[in-house]
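When a ligand or atom number is given, it counts from 1 through the structure's own listing order.
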Amino acid sequence: MKKILELLSEEMQGYFEKAGYDRELGKLSISNRPDLCEFQCNGAMAGAKKYKKAPIMIANEIAELAKESTLYSKIEAVSPGFLNLQVNPAIFKEYLEEMKNAPKYGVEEAKTPQSIVIDYGGPNVAKPLHVGHLRSAIIGESVKRIARFMGHTVIGDIHLGDWGLQMGLIMTELQERMPSLVYFDESFQGEYPKEAPFTITELEEIYPTASKKSKEEESFKEAAMEATFKLQNGDRGYRALWQHIMQVSVADLKKNYHSLNVDFDLWNGESDVQDRIPGMVSYMKEAGYAYESAGALVVDVKEETDTKEVPPCMILKSDGASLYNTTDLATILERMEKIKPDHIIYVVDKRQELYFEQVFRCAKKTKLVGEDTRLTFLGFGTMNGKDGKPFKTRDGGVMRLENLIHDINEEMYRKITENRVTSEEEARKTAQIVALSAVKYGDLSNQAAKDYVFDVERFTSFEGDTGPYILYTIVRIKSILAKYREQGGNPDIAALQCPGSVVEKELMMSISNFNTMIASAFEEVAPHKICAYIFDLSNAFNRFYHETKILTEEEEMKKAGWIALLGLTRDILETSIDLLGFMAPERM
Ligand code: ARG
């Protein structure tokens with residue numbers, strides 16, 4: 001379906017052409033002075049130079065020609081040369097009707113669907129999830145949903161951090177606590193137990209203890225490095241123990257992500273590509289890309305146009321060990337082989353920007369990817385507390401994701417039960433749904449790259465630019481529709497009418513921008529555009545609602561028209577929040 005601006009522009013472009021000017025000049029934009037007009041055309045200003053005429057003269061000519069238009073109900077040339085327009089209200093009725101019947105409410109799917117991999121989440125196995133991982137999960141999930149909605153083939157890959165020193169730390173601590181476990185017995189030949197020798201709760205305590213010890217005792221750290229080395233080089237017992245850590249930890253991660261309404265198509269990790277590293281390294285050496293520098297193996301990635309220094313990409317350390325870089329490059333190799341993506345998007349903390357710049361350049365230079373494969377780094381800012389410093393617990397520790405979610409759920413529960421009596425069970429369920437909207441909307445409504453303040457008070461408020469406000473609007477619409485049904489009406493067959501008031505026309509205009517907005521949210525990888533849009537749409541709806549007595553209207557056609565408009569507003573809002581990764585309850 002054409003975008004509303006394209007549709008409205010066509011006629012104007014015709015007038016420019018008729019008057020002997022460039023067609024392109026006739027493009028309309030949404031007015032930045034809504035008090036004066038709904039749309040504007042700045043073509044006369046833009047064309048003045050080329051046609052050596054005063055802009056106002058061009059604008060007057062066009063306004064004269066456009067007098068006959070039935071599309072524009074008012075057109076005015078104003079100094080110094082703008083064209084201000086008001087649009088025939090009937091257009092919106094037609095446009096919305098078409099939207100209602102079109103697939104995806106008029107959002108056109110990509111003509112040539114791309115294959116896109118989104119690398120997001122990135123938790124580190126056996127380390128507790130913290131709020132830094134929250135942003136990657138929330139943003140990545142939304143980007144994935146938007147791209148899918150646009151008709152692309154999208155694969156979400158969690159890219160577990162499952163191969164690092166944390167594994168050696170845990171194993172060393174386990175060995176200190178339970179030295180007689182068979183995993184540490186080098187002469188053991190039999191089958192290892194199926195059950196892990198620890199629970200998730202124990203694991204959650206083991207890692208921080210071990211991490212602390214490694215900072216205090218040099219010998220512990222060395223033992224942990226040794227254990228990591230053994231694991232990475234295929235020690236049977238360590239591998240078996242690693243399997244247990246993975247099993248227990250991944251099950252817990254799945255539970256956590258599930259409660260965030262985040263899910264991944266691939267649960268691959270750093271460990272999955274280790275076998276590819278030796279081959280990749282020799283290829284890079286043989287092809288002359290990688291060379292030795294101070295014992296380490298590196299690939300130069302600086303470019304002439306660089307304004308800041310971009311250090312070489314290190315492929316192997318001087319002791320021959322692989323690094324974070326090596327694994328990311330091997331992962332690109334694997335993805336190209338198995339998925340052949342046109343585009344890989346990484347949703348990672350923006351502090352890793354330079355690192356990804358090196359990796360991307362290295363992947364291009366060494367031809368792991370072709371020139372036309374896009375690699376995008378979507379870096380996000382820090383989630384801060386009210387004090388402007390990275391979000392912490394009350395006693396200054398790292399805030400665990402689970403606790404944060406728990407706190408918000410409690411706050412929401414308190415708010416929901418404050419003024420209403422619902423069953424305990426329903427209140428708990430609703431609180432969870434609304435709390436998720438508070439967290440996700442609070443995050444997504446900011447441009448990803450910006451830092452933001454996680455303000456529980458503000459995010460959980462039912463008023464203002466918040467998730468709960470959007471849900472409240474949806475629930476309000478649902479309740480009116482339900483009452484209409486109780487009165488014997490059927491919202492499903494209600495037909496839209498021409499807008500009869502300014503607020504109604506504004507609501508319809510807002511709805512008509514849906515496909516335009518989604519396309520740009522996708523183009524710019526910018527979920528915050530969806531938030532801004534649904535906030536506007538909710539405001540337009542609530543203004544309309546406060547000025548219109550819907551259910552007591554006596555003219556049946558009129559009432560039905562409003563009901564149809566409400567139904568469409570709800571559909572657009574619900575589709576939008578689904579793209580953000582949350583949903584609305586039935587009541588709240
Ligand atoms: N595990 C990493 C961390 O916690 C994030 C992984 C990001 N993705 C990647 N392909 N490197 O910092």
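- With ring centers used as reference points, Tyr355 lies under 6.0 Å from Tyr324.
- Between Phe188 and Tyr192, the angle of the ring planes lies from 30° to 60°, which puts this pair in the tilted group.
- Applying the ring-ring contact (aromatic ring centres under 6.0 Å, His included) definition to pairs two or more places apart or across chains, those involving residues 358-401 are Tyr346-Phe360, Phe356-Phe360, Phe356-Phe377, Phe391-Phe454.
- Listed by chain and residue number, the protein contacts of ligand 1 are Asp119, Gly122, Asn124, His133, His159, Tyr324, Asp328, Tyr346, Val348, Gln352, Phe356 (heavy atom within 4.0 angstrom).
- Between the Arg148 side chain and the Val154 main chain, a donor and an acceptor come within less than 3.5 Å of each other.
- Salt bridge Lys386/Asp455: present, at least one basic N to carboxylate O contact under 4.0 Å.
- A parallel orientation is assigned to the rings of Phe522 and His152, their planes being inclined by less than 30° (bins at 30° and 60°).
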